[in-house]
Number of protein chains: 2
Amino acid sequence: MDPLSLPANQSCPIARSLAVLGQKWNLLLLREAFFGRTKYAEFQRIGVPSGTLGARLDALVDAGLLERRAYQEKGERTRDEYVLAEAGRDVMPVLAALIQWGETHLPKERGADVTYTTTTIEGSPVRLEFVDDRGTAVSRDAVIIARQARTATASG
Amino acid sequence: MDPLSLPANQSCPIARSLAVLGQKWNLLLLREAFFGRTKYAEFQRIGVPSGTLGARLDALVDAGLLERRAYQEKGERTRDEYVLAEAGRDVMPVLAALIQWGETHLPKERGADVTYTTTTIEGSPVRLEFVDDRGTAVSRDAVIIARQARTATASG
DNA sequence: ACCCTGACTTCATTATTTCTACTCAGCATG
DNA sequence: CATGCTGAGTAGAAATAATGAAGTCAGGGT
């Protein structure tokens with residue numbers, strides 16, 4: 001069943017996000033896009049079968065996460081490349097959250113030769129945190145997910 | 001193909017996290033867990049078929065995200081309930097990131113009667129942000145995902 | 001003009017998810 | 001104490017999606 005067929009899930013932004021981001025390979029493709037990969041063959045290298053890759057790239061373009069651009073290298077035919085669009089760049093916190101969770105709870109068994117972290121461009125480490133209106137950090141245990149009824153008349 | 005069959009993905013904490021969290025329904029089940037749901041029938045209400053539900057609850061327990069507890073209401077037989085374990089509570093930032101992305105990029109078309117937000121227990125809104133070592137907020141555009149080689153000798 | 005290369009698509013096979021019917025434990029009833 | 005009722009949880013067939021290999025197509029080199 002598609003979760004979004006239930007109205008209760010349609011009104012949940014988690015379920016709506018997962019309809020796009022939850023498809024197999026999509027978040028790994030976006031990871032590659034954040035590493036600067038743009039070409040079909042570069043994406044294919046992560047192990048996604050080519051049939052799936054074409055379908056996923058189309059879906060990510062349709063959803064506005066990637067932008068399709070024609071390019072042509074000299075002596076080559078024209079091809080498509082895929083670069084992060086605004087909505088795609090906004091997926092960074094999702095990836096960062098997954099990195100933090102994975103590094104904490106699924107540390108590599110043996111042969112852990114590579115670590116993933118989030119850093120500033122200059123290289124100093126950054127992490128995701130909950131902050132309140134004044135920018136003060138809030139402990140995760142003090143945070144709850146709230147479902148708020150929105151008055152149909154004056155929501156903004 | 002399982003992404004983790006490639007060594008390059010095994011060393012990626014995103015791929016490792018998705019092996020657990022990326023299974024269909026799992027993040028929606030955890031959402032319900034954060035809302036305080038613990039019983040089989042409560043989880044079933046989100047639309048997951050019972051066959052899948054049993055398999056997913058088992059997997060989440062095995063992965064240490066949920067803790068299975070026997071309980072018995074008076075006049076009823078003993079049953080199992082499922083409460084968030086430490087690793088499960090740590091999924092909160094992932095859900096928060098998905099909420100923020102969904103609310104921004106997939107706003108409900110019409111009939112948007114409910115909003116999801118993250119708040120403190122007292123009800124003041126909180127949001128996810130990148131912060132550096134000193135707790136200063138860092139713009140998302142200044143953040144990159146870095147793959148760092150870890151010295152193989154001292155890793156254990 | 002013809003073959004070669006590599007991006008991208010299509011289709012039969014295979015793995016997952018889903019649906020339906022079933023089992024099983026405990027209580028209420030007789 | 002046996003019988004039937006209720007709802008949690010489980011085990012198999014049908015539908016759906018992912019996979020892998022073969023095919024298509026555009027350009028360049030010879």
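Chain letters run A, B, ... following the sequence lines, proteins first and then strands; every chain starts at 1.
- Note that CG of A:Leu53 and CH2 of A:Trp25 are 10.0 Å apart. Values are rounded to the nearest 0.5 Å.
- Through ILVMFWY side-chain contacts below 4.5 Å, A:Tyr71 is grouped with nothing and stands alone.
- Summary of the strand contacts: A:Asp58 and A:Asp2 both lie near DNA chain C, and taking for each the nucleotide with the nearest heavy atom, the more 5' one is attributed to A:Asp58.
- Through side-chain heavy atoms spaced under 4.5 Å, either directly or across other Ile, Leu, Val, Met, Phe, Trp or Tyr residues, B:Ile121 is tied to A:Ile144.
- Distances shown here put a side-chain N or O of A:Arg56 below 4.0 Å from the OP1 or OP2 atom of D:dA18.
- Taking CZ from A:Arg56 and OH from A:Tyr82, the interatomic distance works out to 14.0 Å, rounded to the nearest 0.5 Å.
- Rounded to whole Å, the distance from CZ on A:Arg79 to C1' on D:dA26 is 8 Å.
- Between A:Lys24 and D:dT19 there is a side-chain N or O to OP1 or OP2 distance below 4.0 Å.
- Ion pairing of A:Arg127 with A:Glu129 is present here, as a side-chain N (NZ or NE/NH1/NH2) and a carboxylate O approach within less than 4.0 Å.
- Rounded to whole angstrom, the span from the CD atom of A:Gln72 across to the P atom of D:dG27 amounts to 7 Å.
- Among pairs with a residue in residues 84-95 of chain A, those fulfilling side-chain hydrogen bond (donor to acceptor under 3.5 Å, both in side chains) read A:Glu86-A:Arg89, A:Asp90-B:His105, A:Asp90-B:Arg140, at least two apart in sequence or across chains.
- In the region residues 26-53 of chain B, proximity to DNA chain C at under 4.0 angstrom, judged on heavy atoms, holds for B:Pro49, B:Ser50, B:Thr52.
- With sequence neighbours left out, the side-chain hydrogen bond (donor to acceptor under 3.5 Å, both in side chains) criterion links A:Glu103 to no other residue.
- Extent of DNA chain C lying under 4.0 Å from chain A heavy atoms, first and last nucleotide in 5' to 3' order, is C:dG6 to C:dT18.
- For the pair B:Glu81 CD and D:dA8 C1', the computed distance is 14 Å after rounding to whole Å.
- Remark: the A:Asn9 side chain and the B:Arg31 side chain contain an N/O donor-acceptor pair separated by less than 3.5 Å.
- When the P atom of D:dG9 is taken as reference, atom CZ of B:Arg69 falls 15 Å away, rounded to whole Å.
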